[in-house]
Asker: 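A single structure is presented below for examination.
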There are 2 protein chains.
Amino acid sequence: MAGGQGRVLELAVLGSLHETPLHGYELRKRLNALLGMFRAFSYGSLYPCLRSLLARGLIAEEQPAPNAIVGGRSKIVYKLTAEGKERLQELLTQAGPSAWEDESFGVHFAFFRHTEAEVRLRILEGRRSRLEERLDAVRTALARTAERLDSYTLELQRHGLESVEREVRWLNELIATERRASAEERPERDTTSTDE
Amino acid sequence: MAGGQGRVLELAVLGSLHETPLHGYELRKRLNALLGMFRAFSYGSLYPCLRSLLARGLIAEEQPAPNAIVGGRSKIVYKLTAEGKERLQELLTQAGPSAWEDESFGVHFAFFRHTEAEVRLRILEGRRSRLEERLDAVRTALARTAERLDSYTLELQRHGLESVEREVRWLNELIATERRASAEERPERDTTSTDE
DNA sequence: GTTAGCATGTAAGGAGTTACATGATTTT
DNA sequence: AAAATCATGTAACTCCTTACATGCTAAC
């Protein structure tokens, strides 16, 4: 119940408001459209988060344009402050487990446009090795107990392994693309020894 | 912090102990090998859960065989009681959102062997329509904003859609298999009108 | 004999949901 | 004028994690 309403949601909010000012209700819709395949936030977490960000000076209420003689005084449109932009950059620079775990990877990836190339690469590689650890653990366990398992359990394992393997291949492609792009930008550096 | 340490973990524990008695440490390893692709439990949730199940009479400490003159008095092996078996059946019979949401579907599926055929079918269909709702929502939102999105966001959406579509296809196959199997078991019933 | 892994547990807290409560505005 | 949807917010609660605390036992 303290102020730190979750780094993931905080990043998602700051990142969205960096593109354009928004009010809470629509912000939630945007987030759930953007991340709908991975997670969904509720108002019960979004509004307290906005309140906390406002109190910390990372966002501010945008004054409605005075030419609009609107009587409708209900929407509260928030925009990013200078401190908010700094905080966003800080969050986007962190390349650690908090960036590549299941709950947070999607959000970090969604704002890769604002992330430095080196950080992007480290996050993608971090996620990949996280998934490979998981594959190793499950495959090892499976090799020891496969014949004792019923068909539903086996099918679940098979499907789970396949999904994670697919994500690893996807990451491989992204990593290769990133490496090619950064090699093009600085062609003076040697790229043959940058593996692993 | 009350007694109800989560229906998902409760189901996972009861289901595992139904196969064979186990002590906490190994139970956790089994669960994380079984469900490692979807989620992982920590000791901090497992031991309180065992304590709660013990207090509710759903599991019991298994007495070590008296022929073993083992001085090793440390492992606490739990086994399912009659009430525990009833509770497990009750949990496995529930075909509702609590069975097909992301956090719980894998656990329910893992114990499908002990689930009635009709319940299995309803859970698979429930999961499928849950995923299809999600696809609709994201696709609609995407159609309205696709040209404004940067390449990373688009790639994330593309990958997310593809993953969910793959799971839907997987579910379609499973549902078809289930229908075929139940048609074989009761050939007197008509199966042509059971489609949506 | 000391590191590594087995084994059990607890207290505090983090991150978010659900359900509730309220009111304005648009659509039918 | 009723129903739907937009819009904001809070309190209580759920479920799980992290970090800590402890001791045993097997391997090197």
Side-chain angles (χ1 to χ4, degrees), chain A residues 1-13 21-33 35 38-55 59 61-62 64 68 70-78 91 96-98 101-104 106-107 137 140, chain B residues 1-13 21-32 35 38-55 59 61-62 64 70-78 91 96-98 101-104 106-107 137 140:
Chain A
M1 282 170 183
Q5 241 83 29
R7 275 144 227 124
V8 178
L9 183 50
E10 183 178 319
L11 172 58
V13 169
L22 286 170
H23 60 275
Y25 191 85
E26 219 202 312
L27 179 53
R28 186 212 179 215
K29 284 207 304 185
R30 291 259 186 130
L31 286 179
N32 288 349
L35 307 166
F38 311 97
R39 56 182 314 162
F41 296 106
S42 65
Y43 298 119
S45 54
L46 181 55
Y47 284 113
C49 177
L50 286 171
R51 220 161 65 100
S52 155
L53 290 172
L54 186 63
I59 60 176
E61 289 185 37
E62 188 174 66
V70 190
R73 171 87 246 105
S74 64
K75 286 196 228 178
I76 305 175
V77 177
Y78 296 100
L91 288 172
S98 71
E101 287 300 314
D102 290 340
E103 331 81 49
S104 42
V107 178
T140 304
Chain B
M1 281 167 183
Q5 242 83 27
R7 274 144 227 123
V8 178
L9 182 51
E10 183 179 319
L11 172 58
V13 169
L22 286 170
H23 61 276
Y25 192 85
E26 218 202 313
L27 180 53
R28 188 215 178 212
K29 285 206 304 183
R30 290 259 185 132
L31 286 179
N32 289 349
L35 307 166
F38 312 96
R39 55 182 314 160
F41 296 105
S42 65
Y43 298 120
S45 55
L46 182 56
Y47 284 114
C49 177
L50 286 170
R51 220 161 67 98
S52 155
L53 290 172
L54 187 62
I59 60 176
E61 289 185 37
E62 188 173 65
V70 189
R73 172 88 244 106
S74 64
K75 287 196 231 182
I76 305 175
V77 176
Y78 295 100
L91 289 173
S98 71
E101 287 300 314
D102 291 341
E103 332 79 51
S104 42
V107 178
T140 305

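Sequence lines set the chain letters: A, B, ... in the order given, protein chains first and strands last, and positions in each chain run from 1.
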Asker: Report yes if some heavy atom in the side chain of B:Tyr78 is under 4.5 Å from a heavy atom in the side chain of B:His23; otherwise report no.
Answerer: no

Asker: Mapping B:Gly44 and B:Lys29 onto DNA chain C by nearest heavy atom, which one lands closer to the 5' end?
Answerer: B:Lys29

Asker: Establish, yes or no, whether the cationic atom of A:Arg28 lies under 6.0 Å from the six-membered ring centre of A:Phe41 and within 45° of the ring axis.
Answerer: no

Asker: Looking across every strand, which nucleic acid part, if any, lies under 4.0 Å from A:Gly24 by heavy atom: base, sugar-phosphate, or nothing?
Answerer: sugar-phosphate

Asker: Think A:Ser42 has a side-chain N or O under 4.0 angstrom from the OP1 or OP2 of C:dG16?
Answerer: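 No, outside the criterion.
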
Asker: Please say whether more than 12 non-hydrogen atoms of neighbouring residues, nucleotides or ligands are located less than 6.0 Å from CZ in A:Arg51.
Answerer: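 Counting neighbours around CZ of A:Arg51, 12 or fewer heavy atoms of other residues, nucleotides or ligands fall under 6.0 Å, so no.
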
Asker: Where the side chain of B:Ser104 meets the backbone of B:Val8, is there a donor-acceptor pair that is under 3.5 Å apart?
Answerer: no

Asker: For a quick test of reading the model: is some side-chain N or O of A:Tyr47 closer than 4.0 Å to OP1 or OP2 of D:dT8?
Answerer: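 So the side chain of A:Tyr47 is within the cut-off, an N or O lying under 4.0 Å from OP1 or OP2 of D:dT8.
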
Asker: Has A:Tyr25 got a side-chain N or O lying under 4.0 Å from the OP1 or OP2 atom of D:dT8?
Answerer: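 Checking D:dT8 against A:Tyr25, no side-chain N or O comes under 4.0 Å of OP1 or OP2.
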
Asker: Within the structure shown, what part of the strands sits under 4.0 Å from B:Arg39 by heavy-atom distance: base, sugar-phosphate, or nothing?
Answerer: sugar-phosphate

Asker: OP1 or OP2 of D:dC15 versus the side-chain N and O atoms of B:Arg7: is any pair under 4.0 Å?
Answerer: yes

Asker: Please report, rounded to the nearest Å, how far the P atom of C:dA15 is from the CG atom of A:Asp102.
Answerer: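 Checked: the CG to P distance equals 16 Å.
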
Asker: Answer yes or no: does a side-chain N or O of B:Ser45 lie under 4.0 Å from OP1 or OP2 of D:dT17?
Answerer: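 For B:Ser45, the contact criterion (side-chain N or O under 4.0 Å from OP1 or OP2 of D:dT17) is met.
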
Asker: Can you check whether B:Arg51 has a side-chain N or O nearer than 4.0 Å to OP1 or OP2 of C:dT10?
Answerer: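 For C:dT10, OP1/OP2 do have a side-chain N/O of B:Arg51 under 4.0 Å.
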
